[in-house]
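First comes the structure, then the notes that go with it.
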Amino acid sequence: MSDRLIQHLIAQLVPPGSSVLDLGCGDGALLEHLRRTRGCRGYGIELDDAQVLACLKRGLDVLQFNLEEGLSMFADDSFDVVLQIDTLPHLRNAETMLRETARVGRSAIVAFPNFAHWPNRLRVLAGRMPVTKRLPYQWYDTPNIRVGTFADFEVLARRLGLHVEDAFGIDDQGRLVRRWPNLLASTAVFKLTQR
């Protein structure tokens, strides 16, 4: 997530001074933003060599390994906040990783492209898979294993016994969407805690 408005909205969910674990941290832009603006400290986890190097160039602590292997090296409540921003669609075992995210962090922030956003619905009605700013790949070359919706994630969180502390959407202009986020938001954002 390189968009500054999205970073800012997600960062507002992270208490100042928090210890943070950023799963699938990419180039570390969000983690660096949290360090600079919220006084946070922590680690990123990333698999891609170039992204790990980008994190190191930013002066961030980053661990390189595959999230599909789980988070067993971290104890329960090891971090104040665990971030999973645009990571869930890429994981084969998203449900297990969501449980692990909630176990390792006292709270978790999960964000992903909302497939139920109205332009996506229109594209599917026209018989085509959507290609948008948030879903920028063709169906045949996407790194996403799955797509999800705001409403489906609410159901999954409830089924896993996770408490939704806050939930909202973000539209294509980077604006907060609280009314009808399943329809009007291109990005779904959830702050979760274990009950």
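FYI, the numbering just counts along the sequence from 1.
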Quick one: CD1 on Ile6 to CD1 on Ile85, what's the gap to the nearest 0.5 Å?
-> 10.0 Å
Less than 4.5 Å apart, any side-chain heavy atom of Arg35 and any of Leu60?
-> yes
Run the side-chain contact (heavy atoms from CB on, under 4.5 Å) check on His117 and Phe150 step by step: do they pass?
-> CA-CA 9 Å; His117 188 214; Phe150 192 98; over 6 Å; no
Heavy-atom check, side chain of Leu183 versus side chain of Arg121, under 4.5 Å | yes
For Val177 and Ala185, the nearest pair of non-hydrogen atoms, with its separation, is CB-CB, 4.2 Å
Group every Ile, Leu, Val, Met, Phe, Trp and Tyr by side-chain heavy-atom contacts under 4.5 Å, then state whether Trp180 and Leu9 land in the same group.
-> no
Any side-chain heavy atom of Asp22 sitting closer than 4.5 Å to one from Leu34?
-> no
Say whether, by atom type as modelled, one donor and one acceptor occur between the side chain of Asn66 and the main chain of Glu69 under 3.5 angstrom.
-> no
Considering non-hydrogen atoms only, spot the tightest contact between Pro15 and Val81 and give its length.
-> CD-CG2, 4.0 Å
Decide yes or no for Glu68 and Met97: does some side-chain heavy atom of the first lie under 4.5 Å from some side-chain heavy atom of the second?
-> no
Shortest non-hydrogen separation from Arg92 to Arg146 and the atoms involved | O-NH2, 3.1 Å
Nearest atoms (heavy-atom pairs only) where Pro89 meets Asp86 | CD-C, 4.0 Å
Would you check if Leu162 and Gln194 make a side-chain contact, meaning some heavy-atom pair closer than 4.5 Å?
-> yes
Look at atom OH of Tyr137 and say whether more than 12 heavy atoms of other residues, nucleotides or ligands are closer to it than 6.0 Å.
-> no
Is the Phe112 ring parallel, tilted or perpendicular to the Phe153 ring (thresholds 30°, 60°)?
-> tilted
Does the gap between the ring centers of Phe168 and Phe190 come in under 6.0 Å?
-> no
Output for pair (Leu184 CG, Arg179 CZ), nearest 0.5 Å, gives 9.5 Å
Spell out, yes or no, whether Val147 and Trp139 are grouped together once hydrophobic residues are joined by side-chain heavy atoms under 4.5 Å, including indirect joins.
-> yes
Donor-acceptor contact below 3.5 Å, side chain Ser78 vs main chain Ala75 = yes
Please walk me through it: do Trp118 and Asn182 pass side-chain contact (heavy atoms from CB on, under 4.5 Å)?
-> CA-CA 8 Å; Trp118 71 267; Asn182 198 50; over 6 Å; no
Would you check if Asp77 and Val104 make a side-chain contact, meaning some heavy-atom pair closer than 4.5 Å?
-> no
Glu46 side chain to Gly26 main-chain N or O, any donor-acceptor pair under 3.5 Å?
-> yes
What do you reckon, is CZ of Arg36 surrounded by more than 12 foreign heavy atoms closer than 6.0 Å?
-> yes
Do Pro113 and Ser186 touch side chain to side chain, with heavy atoms closer than 4.5 Å?
-> no
Linked, directly or transitively: Leu63 and Val82 (ILVMFWY side chains, under 4.5 Å) | yes
Any link between Leu192 and Leu160 through a network of hydrophobic side chains (Ile, Leu, Val, Met, Phe, Trp, Tyr) touching at under 4.5 Å?
-> yes
Spatial distance of atom CG (Leu83) from atom SG (Cys40) [nearest 0.5 Å] = 8.5 Å
Carefully, step by step, assess Asp80 and Val20 under the rule side-chain contact (heavy atoms from CB on, under 4.5 Å).
-> CA-CA 6 Å; Asp80 296 321; Val20 175; over 6 Å; no
Do you reckon Leu30 sits in the same ILVMFWY cluster as Leu176, going by side-chain contacts under 4.5 Å, direct or chained?
-> yes
Go through Asp48 and Gln64 one step at a time and tell me if the side chain to side chain donor-acceptor pair (under 3.5 Å) criterion holds.
-> CA-CA 8 Å; Asp48 182 82; Gln64 185 176 25; over 6 Å; no
In Å, rounded to the nearest 0.5 Å, how long is the span from OH of Tyr43 to CG of Leu23?
-> 14.0 Å
Before accepting this row, confirm whether a basic side-chain N of the pair Arg58/Asp27 lies closer than 4.0 Å to the acidic partner's carboxylate O.
-> yes
How would you list, by chain and number, every residue that makes a ring-ring contact (aromatic ring centres under 6.0 Å, His included) with Phe115, sequence neighbours excluded?
-> none
Contacts of Asp166 meeting side chain to side chain donor-acceptor pair (under 3.5 Å) (sequence neighbours excluded), chain-then-number -> Arg178
Thr187 side, atom OG1; Asp172 side, atom CG - distance, nearest 0.5 Å = 7.5 Å
Tell me, with the steps shown, if Val52 and Leu47 meet side-chain contact (heavy atoms from CB on, under 4.5 Å).
-> CA-CA 7 Å; Val52 169; Leu47 184 60; over 6 Å; no
Looking only at heavy atoms, what is the nearest atom pair of Thr149 and Asn114, with distance?
-> CA-OD1, 3.3 Å
Could you check Arg158 against Glu154 for salt bridge (Lys or Arg N to Asp or Glu O under 4.0 Å), going step by step and ending with a plain yes or no?
-> CA-CA 6 Å; Arg158 195 169 35 251; Glu154 285 178 310; over 6 Å; no
Let me have the donor-acceptor pairs involving side chains of residues 123-132, under 3.5 Å, with sequence neighbours excluded, atom names and distances please.
unit_1	atom_1	unit_2	atom_2	d
Arg123	NE	Met129	O	3.4
Thr132	OG1	Arg134	N	3.3
Thr132	OG1	Leu135	N	2.9

For Ala111 and Ile10 the tightest heavy-atom approach is CB-CD1, 4.1 Å
Measuring from Arg41:CZ to Ser18:OG, what's the distance to the nearest 0.5 Å?
-> 7.5 Å
Are the side chains of Gln12 and Arg38 in touch, meaning some heavy atoms are under 4.5 Å apart?
-> yes
If only atom types and distance count, is the side chain of Lys191 paired as donor or acceptor with the main-chain N or O of Ala167 below 3.5 Å?
-> no
